[in-house]
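Note that ligands are numbered from 1 as they come in the structure, with each ligand's atoms numbered from 1 the same way.
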Amino acid sequence: MKKQKRFKFKILRVFFLISILPLLIISASSLYIVVSSGQKNIIELQNLAIDNTSEKVQKFLNEKMDMFNLVVSGTPKSLRDIDMNNLNYLIDNLRTMAGDVSEISFINRDGVEIVKRSLVGGTRYNNVREREDFQTAFSGKNYIGEVVYEDGISLIRLSSQIENSDREVIGVISALVSLKSLDAVIEHIKLGESGFIYLIDQNGKFISSSRSDYLPLGKDLSDVVEVKNILSKKVKDKEGLNIYKNSIKEEVVLASGALDEYRWFVISEWPKNDAYQAINHMIIQSLLIIIITITLVIIFGLITSRQIIRPIKVLSNGVNKISEGDLEYKIELPTGDEFEKLAKEFNKMTDVLKENSELRDEFVFIAAHELRTPVTAIKGYVAMILSNDFGKISENIQQPLRTVEGANNRLVQLVQDLLQVARSEAGKMIIELKSVNIKNNINNVAKELKSLSDEKNITVNYKDPGKNVVVLADDNKLNEVIINIIGNAIKYTLSDGSIDIFHEVNKDKNILVTHIKDHGIGMKEEDMEKLFSKFYRVQTEKTAKIEGTGLGLFICREIIERMGGKIWVESDVGAGSTFSFSLKTK
Ligand code: ADP
């Protein structure tokens with residue numbers, strides 16, 4: 001059994017090695033591809049969102065800036081050469097067009113503000129000659145200032161030159177523009193379900209986000225390592241994703257881009273769970289496919305190994321049956337392959353064994369048959385000599401002659417037993433079933449064996465059932481069985497004691513069980529199993545001196561079974577044995 005199991009596992013191991021191992025390797029590499037391409041996707045999507053944002057913000061600011069690029073008609077050399085009414089008209093127009101302007105002024109080429117509209121600090125006309133915005137714009141370049149945060153509003157100063165039709169710079173427009181409407185420009189930029197982008201200025205202060213109420217305006221993020229890296233442009237193209245815990249303690253995938261012209265930065269933060277959703281989905285799907293495939297391979301492997309093992313099991317069962325003595329058994333294995341051939345060869349071998357066994361039985365039968373006449377003759381002559389039929393014999397001849405008689409009796413018994421066995425095995429044992437009153441058989445045998453039991457001071461108690469106890473049996477053979485069992489009960493009880501014989505009727509099944517219980521030496525469990533086989537004798541100190549052939553119980557079993565019954569024993573070492581046999585009553 002153990003070896004068969006191991007062979008099955010060997011097959012399974014080979015099966016798994018050649019099917020599951022490559023499958024696992026392929027699965028692992030496809031999982032790796034899924035994960036890395038998923039990560040690439042995340043990076044690409046983030047970069048797309050950043051580019052999109054940059055474009056929109058740039059457009060927003062450029063549009064504002066373009067409005068302040070003013071060319072006046074004619075060739076005035078300074079703003080003061082222009083009619084004040086016209087300048088007022090112009091500045092009001094510009095303010096309306098640009099919208100969200102909290103301060104706008106026209107600065108003359110000498111640096112003095114000459115027209116001004118302000119929502120906050122009144123309209124004092126200052127000299128701003130030293131201011132950076134004035135200087136930059138006057139030199140012919142657009143000026144984009146730092147973002148300032150005031151009362152919950154972010155403002156940026158934009159300045160540009162005013163030219164005459166000769167393209168000469170005659171003054172500067174400087175405006176403080178609110179970035180309030182920037183929120184609306186980027187608010188719809190999203191990544192997955194919860195990814196968002198936001199803008200910071202060159203100092204790391206928060207300007208605007210596509211996620212509403214993400215951080216308070218002007219919040220300084222320059223302390224955050226990741227933001228610091230972005231500000232100092234230390235962010236390299238890393239392999240894989242940049243994941244960190246953001247200002248609101250959320251684990252996010254981070255990416256960034258720079259708006260160089262304005263020195264702003266666009267940052268995208270995509271909550272990890274959300275970003276990985278697609279990857280996780282693909283991983284789960286791949287795992288599912290892998291699990292299903294492996295399960296199928298295992299099932300297939302089990303089925304295949306079972307198919308391989310099955311003929312081996314059939315063969316082993318057959319060989320077992322044959323070795324137990326069933327030489328009629330034929331191994332049926334129509335597999336159409338080498339196993340079928342092997343089974344046929346086994347069957348051929350069984351035929352040879354059967355032939356040999358028949359030859360042996362025939363030999364035993366002939367030998368026993370040939371021996372029977374001389375030993376019976378010896379028995380008769382010795383008996384006659386001992387009863388002085390050939391004249392009186394002296395005392396000193398009587399003793400050895402009795403020894404000869406004893407030995408010859410054993411020889412007669414052996415020859416009889418051998419003949420019985422040979423007949424039964426050749427199927428030549430003749431059994432004639434008829435109704436027999438077993439009560440008579442038991443009483444007769446008890447009487448016959450009385451001298452033996454008396455010798456050992458053993459009483460045989462047969463609980464007379466009163467009425468007739470009829471069974472279906474062969475009278476003579478039944479006698480043989482009873483002689484054997486009661487004989488053994490006497491033989492294997494050392495001295496003194498009793499033998500109890502009683503019946504048990506099983507009416508439902510029309511069966512009568514006869515029990516013969518002794519209080520003799522008993523036997524072990526392992527002996528009980530082999531007791532009814534040919535030549536088996538229990539080998540103990542107590543049985544060593546008791547003579548016998550080991551054939552009696554074998555013959556009893558053959559007879560009882562041929563009469564349609566069963567025989568068995570229950571025993572305990574030292575406590576005695578009960579031999580029981582059943583016979584049909586009808
Ligand atoms: P044997 O000729 O040796 O008695 P049997 O076939 O009659 O052969 O019995 C087989 C063996 O069973 C005996 O050798 C003996 O060891 C054991 N045996 C049989 N009957 C009894 C019994 N009543 N008590 C103990 N052992 C027994």
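Applying the salt bridge (Lys or Arg N to Asp or Glu O under 4.0 Å) test to E328 and every residue at least two apart in sequence or in another chain returns K354. The side-chain hydrogen bond (donor to acceptor under 3.5 Å, both in side chains) check on N484 picks up nothing, with sequence neighbours excluded.
Comparing G522, G550, G552 against atom 1 (P) of ligand 1, the shortest heavy-atom distance belongs to G550.
Tested against Y244 for a side chain to side chain donor-acceptor pair (under 3.5 Å), the candidates E251, E226, E269 yield a single pass: E269.
The single protein non-hydrogen atom nearest to atom 15 (C) of ligand 1 is Y492 CZ, 3.3 Å, given as residue, atom name and distance.
Note: no N/O pair closer than 3.5 Å links Y536 and ligand 1 by distance alone. For ligand 1, the polar-atom distance check against L553 finds a nitrogen or oxygen pair separated by under 3.5 Å. Checked by distance only, ligand 1 and N488 come closer than 3.5 Å through their nitrogen or oxygen atoms. Of the N or O atoms in D518, one or more lie within a sub-3.5 Å distance of an N or O in ligand 1. For ligand 1, the polar-atom distance check against V538 finds a nitrogen or oxygen pair separated by under 3.5 Å.
Smallest separation of non-hydrogen atoms from N388 and I393: OD1-N, 3.2 Å.
Ligand 1 lies out of reach of Q539, whose nearest heavy atom is not under 4.0 Å from it. Ligand 1 is never approached by F532 to a heavy-atom distance shorter than 4.0 Å.
With a 4.0 Å cut-off on non-hydrogen atoms, F579 touches ligand 1 through its side chain and not its backbone. Here I485 has no heavy atoms under 4.0 Å from ligand 1, in either its backbone or its side chain.
With a 4.5 Å cut-off on side-chain heavy atoms, I521 and T493 do not count as touching. At a threshold of 4.5 Å between non-hydrogen side-chain atoms, the residues T585 and I511 do not count as touching.
Between R211 and E250, at least one side-chain N (NZ, or NE/NH1/NH2) sits under 4.0 Å from a carboxylate O, which counts as a salt bridge.
Under the 6.0 Å cut-off for aromatic ring centres, H503 and Y462 qualify, their centroids lying closer than that.
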